[in-house]
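Here the structure is laid out as C-alpha cells; the discussion comes afterwards.
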Amino acid sequence: MYNQILSSLNEFVDNDLSFGSDQKKTLLNKHKLTLTDSLQKGHWTTNLCLIASNLIKTNPRDIASALILRLESKPEIEKVELAGPGFVNIFLTREAFFNQLDDAYNNPNSFVGSSRSPKEKIQIEFVSANPTGPLHVGHGRGAAYGDAIGRILQRLGHEVSREYYVNDAGRQIDILACSIFLRKFEFFDDDAFPGSAYKGSYILDIAETLEIDLVLTQEEKEVLIDNLPDNDEEKIDELIKRIKTFDSNNWSLLRDFGLGYVIKSIKKDLTEFKVIFDNWFYESSLGELADKKSEISLALNQVKKEHAYEKDGAVWLESTKFGDDKDRVIIRDDGRGTYLSADLAYHRNKLDRGFDTIINVWGSDHHGYIRRIEATIEAMGYSKKQMKVQLVQFANLFENGSKVKMSTRSGNFYTLKQLIDDIGSDASRFYYLSKQADQHLDFDIGIARSNSKDNLYYYVQYAHARICSLEKKYLESGKILPSKFNNANFDDCDKLLQMALGAQFIIKSAGDNLQPHLIVYYLRDIAQSFHQFYNNVNILNAEELEQNNILRALMIVKSVIASCLELLGIEPLEKM
RNA sequence: GCGCCUGUAGCUCAGCUGGAUAGAGCAACGGUUUUCUAAACCGUGGGUCAGGAGUUCGAAUCUCUUCAGGCGCGCCA
C-alpha cells in the first residue's frame, strides 16, 4: 500500500503540477508519506502540499484539491482529508487496511521503502578488546550494539561481515606474558606485585594451567628482580626485557599460551552472549616493519611516497593535509611502528577487501582518534566516506541505587560473563541497547533481575508470552488460527494493527541511522498497546467473526514483537 | 586553549534528516481480579524542551551565542 500511494503522489507531482523541473525534483526529494500516529488522522499522511505550497508561495489548499481528487479515485482509498496546516490524510477501506497487514505478515522479507537503500557489502568491526583479560561490562555494550546493527542491516538486505581485530602484537601482550611468568614462579606478594602488571585472578588460572619446562633457582629469581626502576611503567618494561633475555624460547611459549588462553575465553563469553564473528583479524598477520614485503611495510611505503617526512629521527604522516590537528608519527625514532601505523595497514587491508562501507565500533574515549584515521584513509587514496565510526559510551552498573565497582586495585572487575550469569544474555542485551550507543548508560542490575513492573524487559516479553498463551488456549478449543481478516465491523484492534505496521519503518530507520535503541522503544510501545487491548477486550469469549480478526491481529503483533526481539539478539519467551 | 558529546516532568530517559495538543517508565495519590497470565490495566497531578537571538507558513528538532556538566587532545594502545 505504501508503494502504491507513494507512486500516486509522485505521479501527481509529475503530471498535475506545473512546476519547474528543479522544483519538482526538490519536492520529490522532500515530501514524505508516513503512517499516522492516530487513526483520527487516517492511516497514511503526507506533507506534500505543505512542501509544494512553500516552493511556489501559495496556499496548500490550492494544491490539495487536485491531489485529493487523484487519491480518491483509487479503489483502496475510502476518503482523503485536508487537515491541520495542510497535511493530506488518507483513510483506507477496511479491505485495503487489512490487506496491507496480511501482505506484510505473509512476506516478511519484502520491505517498505527498501528500494531506497541499495544493497551494500558492509563490514562491522567491534569489541576488538585487547586480548589481555576477560571482557568486562563495557565491552558487553559494544558487543550487543555491533551485533544488533549487524542483524538489522542484514534484515534490510545488506551483506554483513562481523570482524574482531585482535591486538596481538604490542607491548600489552608482553605485559600479559610477564604477568603470567611472575605468577607462575611466585615472584611477588600481592602487595608488591608491579602496578602495571595484570593482577586479575585469571592470570593465576593461566599460570596454573601453563605447563612449562623451566625451573628457577632462588638466585636466578633474585637477579631478575634486582634493582628494578621505581616507576611502574619502567619497571614492567625492564622486567619484560630481562625475562625475554633470560629464556627467549620459554618467553614466546608463555606469550602464545597466554594469548591463546585469553582469546579462547573471550570467544566463549561472546558465544554465550550470542555474538559470532565471521572473522578474527590478527594484528600480527600484518607482519613486521623489518620485513620489507610485509603488509605493514607496503602500506607505510605507500603513504611515505607522498605524505610523510622525517623529523627528530621519526617518520611523520602529513595528516594535517587531510584535516587532522597535527601530523602524526608512524615510525618511531627507534624504528618501531606506532599504533597508528598498524591501524593504517589494517584499514588499507579492510578497504581492499571490497566493502562498500566499513563500520568501526569504538569506545567513546577514542573519539579524538577519528579524524586521525580518516586522514590516514584519505592519505592512502580512499574516501573517508567509506568508513563510519560509531562510538559507544561506557556503561555504569548500578545495584540498589549504588554504583557497582567496575575495577579495583586488586584487578578484579565485573565481567561480561558475570553479568550474563546474573541476569541472562537476553535481558543484558535489552538494557545495553535501551539507549543511544554514544551516550552514557546507567544500567540497574537489580531492576534487570527483578520480576517487578519496573522491569521493561519483562514487560515486553510478557506481551509476547500472553499472546502465545492465548493462541494455545484458542487452539485447545479446537479452532484453527485464521489465515486472513474478514469484514466484521469491529475496529478495536485497529490501533494495535496500525502500530504493528510501523515496525518496518522503525527497523529501516534503526538500520539507516545505526540506532538499535529505536527498536527497544518501539517494542515498549507496541507491548503497551497490546496490554491495553488485552485488558479491554475479552478475547476468548468474543463473537466468532470478531474473534477471527482479533486472533489474526494478535498473530501479527506476536510476529512483529518476535522479529524485533530477534533483531536485538533476544529470544522471545513463549511463557513466563 | 582546541575538538566532541550532553542539558526535555521530582528521577531515568524517548522524540532531534523541521510538521498537527511535547511522550513513556519510575516516584506520589486514587481505583480495577467469581472472567483469557495483576510481571497487567485505568484515572489524577506534574513542563519558560538550560537561557537568549535568528531562519521558517511552522523550531524540542536547523544556525549563532551564553551558561552548566562530561570526555578527548602522546614517538600509549
Side-chain angles (χ1 to χ4, degrees), chain A residues 29-30 32 34 36-38 40-41 45 47 50-51 53-54 57-60 83-87 89 128 130 132 167 169-173 175 233 283 311-316 325-326 328-343 363-372 391 393-394 398 401 434-436 438-444 447 450-463 465-474 477 509 512-513 517-518 520-522 524-525 527-528 530-542 573 575-576:
Chain A
N29 269 329
K30 285 184 79 175
K32 281 190 295 195
T34 41
T36 62
D37 52 9
S38 151
Q40 284 162 358
K41 299 176 188 167
T45 185
N47 62 352
L50 281 164
I51 309 274
S53 66
N54 193 25
K57 302 292 170 205
T58 182
N59 191 319
F87 293 101
N89 293 340
S128 300
N130 278 342
T132 54
N167 292 110
R171 172 170 173 263
Q172 299 302 320
I173 306 303
I175 298 178
E233 299 300 319
E283 182 185 351
K311 194 181 91 182
D312 305 334
V315 179
W316 298 69
D325 300 338
K326 50 179 108 167
R328 307 289 173 177
V329 170
I330 45 177
I331 301 175
R332 283 183 264 235
D333 56 8
D334 62 4
R336 286 149 57 228
T338 58
Y339 182 81
L340 182 64
S341 65
D343 226 16
S364 65
D365 52 333
H366 286 68
H367 78 76
Y369 194 72
I370 296 176
R371 193 165 287 177
R372 201 175 312 179
L391 299 176
Q393 267 287 1
F394 293 117
F398 286 81
S434 67
K435 210 181 157 187
Q436 221 165 323
D438 60 357
Q439 291 178 29
H440 283 282
L441 172 73
D442 290 336
F443 179 157
D444 193 317
I447 289 176
S450 76
N451 295 346
S452 77
K453 60 193 297 190
D454 316 356
N455 194 338
L456 195 57
Y457 168 68
Y458 282 113
Y459 183 77
V460 170
Q461 288 283 20
Y462 186 41
R466 266 184 156 174
I467 298 177
C468 290
S469 162
L470 279 169
E471 283 183 356
K472 196 164 157 243
K473 286 210 153 58
Y474 182 78
S477 70
S509 176
D512 290 349
N513 300 304
H517 78 283
L518 296 175
V520 172
Y521 283 94
Y522 171 76
R524 183 200 64 192
D525 291 344
Q528 178 166 259
F530 164 75
H531 287 309
Q532 286 167 354
F533 175 80
Y534 182 92
N535 274 276
N536 275 333
V537 179
N538 192 326
I539 298 162
L540 292 181
N541 294 320
L573 296 177
K575 62 178 176 188
M576 288 171 56

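Order of the sequence lines fixes the chain letters, A, B, ..., with proteins taken first and strands second; residue numbering starts at 1 for each chain. A quick note: this is a predicted structure, and the numbers were derived from the prediction, not measured. Scope of the values below: all heavy atoms of this structure, side chains included, with no hydrogens, waters or symmetry mates.
- A/Asp343 contributes no side-chain N or O that forms a donor-acceptor pair with the base of B/A77 under 3.5 Å.
- Here A/Asp37 lies out of heavy-atom contact (under 4.0 Å) with every strand.
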- Note on the structure: Letter by letter from the 5' end, nucleotides 4-11 of chain B scores (B base, S sugar-phosphate only, - none; protein heavy atoms under 4.0 Å) S-S-----
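- The shortest side-chain heavy-atom distance between A/Pro85 and A/Leu50 falls under the 4.5 Å cut-off.
- Of the possible donor and acceptor atoms, none in the side chain of A/Asn167 sits under 3.5 Å from a partner among the backbone N and O of A/Asn130.
- Comparing A/Thr45 and A/Gln532, the nucleotide of RNA chain B nearest to each residue sits closer to the 5' end for A/Thr45.
- A/Ser53 comes within contact range of no nucleotide atom at all, as no heavy-atom separation falls under 4.0 Å.
- Taking the side chain as every heavy atom from C-beta outward, A/Asp343 and A/Tyr339 approach each other to under 4.5 Å.
- Annotation: side chain to side chain contact (heavy atoms under 4.5 Å, CB included) contacts of A/Gln393 (sequence neighbours excluded): A/Arg141, A/Ser364, A/His440.
- One cannot find a donor-acceptor pair under 3.5 Å joining the base of B/A77 and the side-chain atoms of A/Thr338.
- Residue A/Ala83 is in base contact, counting any heavy-atom pair closer than 4.0 Å across all strands shown.
- We find that the ring of A/Phe87 and the base of B/G19 do not stack by the test of centres under 5.5 angstrom and planes tilted less than 30°.
- Among the atoms of the strands shown, base atoms are found under 4.0 Å from some heavy atom of A/Leu50.
- Nucleic acid contact class of A/Val537 (heavy atoms, under 4.0 Å, all strands): base.
- Within the nucleic acid shown, A/Glu233 has no heavy atom closer than 4.0 Å to any nucleic acid atom.
- Nearest-nucleotide positions on RNA chain B place A/Pro85 closer to the 5' end than the other of A/Pro85 and A/Arg328.
- Taking all atoms of both residues into account, the shortest heavy-atom contact from A/Gln461 to A/Leu573 is OE1-N, 2.8 Å.
- The aromatic ring of A/His531 does not sit over the base of B/A39, since the test of centres under 5.5 Å and planes under 30° is not met.
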- Symbol by symbol from the 5' end, with Watson-Crick or G-U pairs under 3.5 Å, [ ] crossing and | another strand, RNA chain B is (((((((..((((.....[...)))).(((((.......))))).....(((((..]....))))))))))))....
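- Listed by chain and residue number, A/Phe530 satisfy the ring pair (Phe, Tyr, Trp, His ring centres under 6.0 Å) test with A/Tyr534 (two or more places apart in sequence, or in another chain).
- Residue-level contact check: A/Lys575 touches the bases, meaning some heavy atom is under 4.0 Å from a base atom.
- Annotation: ring pair (Phe, Tyr, Trp, His ring centres under 6.0 Å) contacts of A/His531 (sequence neighbours excluded): A/Tyr459, A/Tyr462.
- Under the 3.5 Å distance criterion, the side-chain polar atoms of A/Asp312 are left unmatched by any main-chain donor or acceptor of A/Ala314.
- An OP1 or OP2 oxygen of B/U12 is reached within less than 4.0 angstrom by no side-chain nitrogen or oxygen of A/Lys435.
- Among the heavy atoms of the strands lying under 4.0 Å from A/Asn54 is at least one base atom, whether or not backbone atoms are also near.
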Distances for protein N or O near nucleotides 28-35 of chain B N or O, under 3.5 Å:
from: B/U35; atom 1: O2; to: A/Asn538; atom 2: ND2; distance (Å): 3.2

